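Numbers here simply count residues along the sequence, with the first being 1. The figures here come from the full heavy-atom set of this structure, side chains too, leaving out hydrogens, waters and symmetry mates. Predicted model only: the values in this text are computed from it and were never measured.
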Amino acid sequence: MSEATSLVGKLESDVEIKASAEKFHHMFAGRLHHLPKATPDKIQNCELQEGDWGKVGSVVIWSYVHDGVATVTKDRVEAVDPEKNLITFRVIEGDLLKKYKSFVNTIQVTPKHGGEGSIVHWDLEYEKVNEEVGHPDTLLQLSVEVSKDIDEYLLKE
């Protein structure tokens with residue numbers, strides 16, 4: 001394996017939730033500013049810096065806790081597909097870029113077949129700055145935990 005390809009990685013996870021795919025997707029596409037209410041121990045702030053919520057090209061600043069450390073990233077929305085309940089964010093500034101040359105996070109929610117609820121699919125694609133940097137397994141785990149918190153929040157609404 002060449003050095004360049006060993007720095008590139010992809011992690012994925014599926015999370016079962018009780019909320020509808022549309023409601024969960026809308027939290028990321030139109031209601032990001034509600035995330036600190038849904039998961040206050042993990043996400044402290046989500047602020048729209050440019051554009052409109054859920055629109056391609058919009059820029060969002062996230063303040064969250066990762067591995068016990070306060071972290072800030074600035075993301076650009078790269079793709080939004082309401083029919084597929086899909087949104088993609090690319091990190092353009094912040095703490096993650098100290099470890100990763102590129103970091104793209106795609107969230108897609110699909111209704112469960114033959115039952116209530118949905119499946120949240122997280123897809124993290126990244127390129128590490130060097131071999132010493134680990135894979136973002138704990139960030140994927142944080143994403144899973146945030147999904148469960150959002151699900152609880154949506155079910156109470």
- Message: On a heavy-atom basis, which atom in Ser6 and which in Lys128 lie closest, and how many Å separate them?
- Response: O-CE, 4.0 Å
- Task: Write down the atom of Pro136, the atom of Tyr126, and the distance for their closest heavy-atom approach.
- Result: CD-CZ, 3.3 Å
Tell me whether [X] contacts the main-chain N or O of [Y] through its side chain, where contact means a donor paired with an acceptor under 3.5 Å.
X: Ser118; Y: Pro111; answer: no
X: Ser58; Y: Lys55; answer: yes
X: Gln108; Y: Lys84; answer: yes

Return yes if a side-chain donor-acceptor contact under 3.5 Å exists between [X] and [Y], otherwise no.
X: Thr73; Y: Glu93; answer: no
X: Asp67; Y: Thr138; answer: yes
X: Glu47; Y: His33; answer: no

Distance check, rounded to the nearest 0.5 Å: [X] atom [atom1] versus [Y] atom [atom2]?
X: Leu96; Y: Asp75; atom1: CG; atom2: CG; result: 8.0 Å
X: Ser20; Y: Asn85; atom1: OG; atom2: CG; result: 8.0 Å
X: His135; Y: Leu140; atom1: NE2; atom2: CG; result: 12.5 Å
X: His26; Y: Leu154; atom1: NE2; atom2: CG; result: 10.0 Å
X: Ser143; Y: Lys148; atom1: OG; atom2: NZ; result: 12.0 Å

Applying the 4.5 Å side-chain criterion to the ILVMFWY set and letting contacts propagate, would [X] and [Y] be lumped into a single cluster?
X: Val56; Y: Trp53; answer: yes
X: Leu35; Y: Tyr153; answer: yes
X: Leu86; Y: Val146; answer: no
X: Leu7; Y: Val129; answer: no
X: Val144; Y: Leu139; answer: yes

Is there a side-chain contact between [X] and [Y] in this structure, where contact means two heavy atoms from C-beta onward sitting under 4.5 Å apart?
X: Lys42; Y: Leu142; answer: yes
X: Ser63; Y: Thr71; answer: no
X: Ile87; Y: His25; answer: yes
X: Leu11; Y: Asp137; answer: yes
X: Arg90; Y: Ser102; answer: yes
X: His34; Y: Met27; answer: yes
X: Val15; Y: Trp122; answer: yes
X: Asp41; Y: Asp149; answer: yes

Could you tell me whether [X] atom [atom1] has more than 12 heavy atoms of other residues or ligands within 6.0 Å of it?
X: Lys112; atom1: NZ; result: yes
X: Lys99; atom1: NZ; result: no
X: Glu157; atom1: CD; result: yes

- Item | Partners passing side chain to side chain donor-acceptor pair (under 3.5 Å) against Glu50 (at least two apart in sequence or in another chain) | none
- Determine, stepwise, if the pair Lys98 / Asp95 fulfils salt bridge (Lys or Arg N to Asp or Glu O under 4.0 Å). CA-CA 6 Å; Lys98 294 174 186 171; Asp95 296 323; 3.1 Å; yes
- Message: Against Ile119, only a single residue in Ile17, Thr110, Val109 fulfils side-chain contact (heavy atoms from CB on, under 4.5 Å); can you say which?
- Response: Thr110
- Task: Starting from the C-alpha separation in whole Å, work towards a yes-or-no answer on salt bridge (Lys or Arg N to Asp or Glu O under 4.0 Å) for Asp123 and Lys10.
- Result: CA-CA 7 Å; Asp123 183 318; Lys10 180 175 180 173; 3.3 Å; yes
- Message: Under the rule for ring pair (Phe, Tyr, Trp, His ring centres under 6.0 Å), what residues qualify as partners of Phe24, not counting sequence neighbours?
- Response: Phe28
- Under the side-chain contact (heavy atoms from CB on, under 4.5 Å) rule, what do His121 and Ile107 come out as? Steps first, then yes or no, please. CA-CA 6 Å; His121 180 77; Ile107 307 158; over 6 Å; no
- Message: side-chain contact (heavy atoms from CB on, under 4.5 Å), that's the test. Do Lys74 and Gln49 meet it? Break it down for me.
- Response: CA-CA 9 Å; Lys74 185 187 286 190; Gln49 188 180 39; 3.0 Å; yes
- ring pair (Phe, Tyr, Trp, His ring centres under 6.0 Å): pairs with one or both residues in residues 67-87, sequence neighbours excluded: none
- Item | Residue pairs passing the ring pair (Phe, Tyr, Trp, His ring centres under 6.0 Å) test where at least one lies in residues 57-78, sequence neighbours excluded | Trp62-Phe89
- Note: with side-chain heavy atoms under 4.5 Å as the link, the other cluster members for Ile61 come out as Val72
- So which residues get pulled into Ile92's cluster when ILVMFWY side chains under 4.5 Å apart are joined, directly or through others? Val59
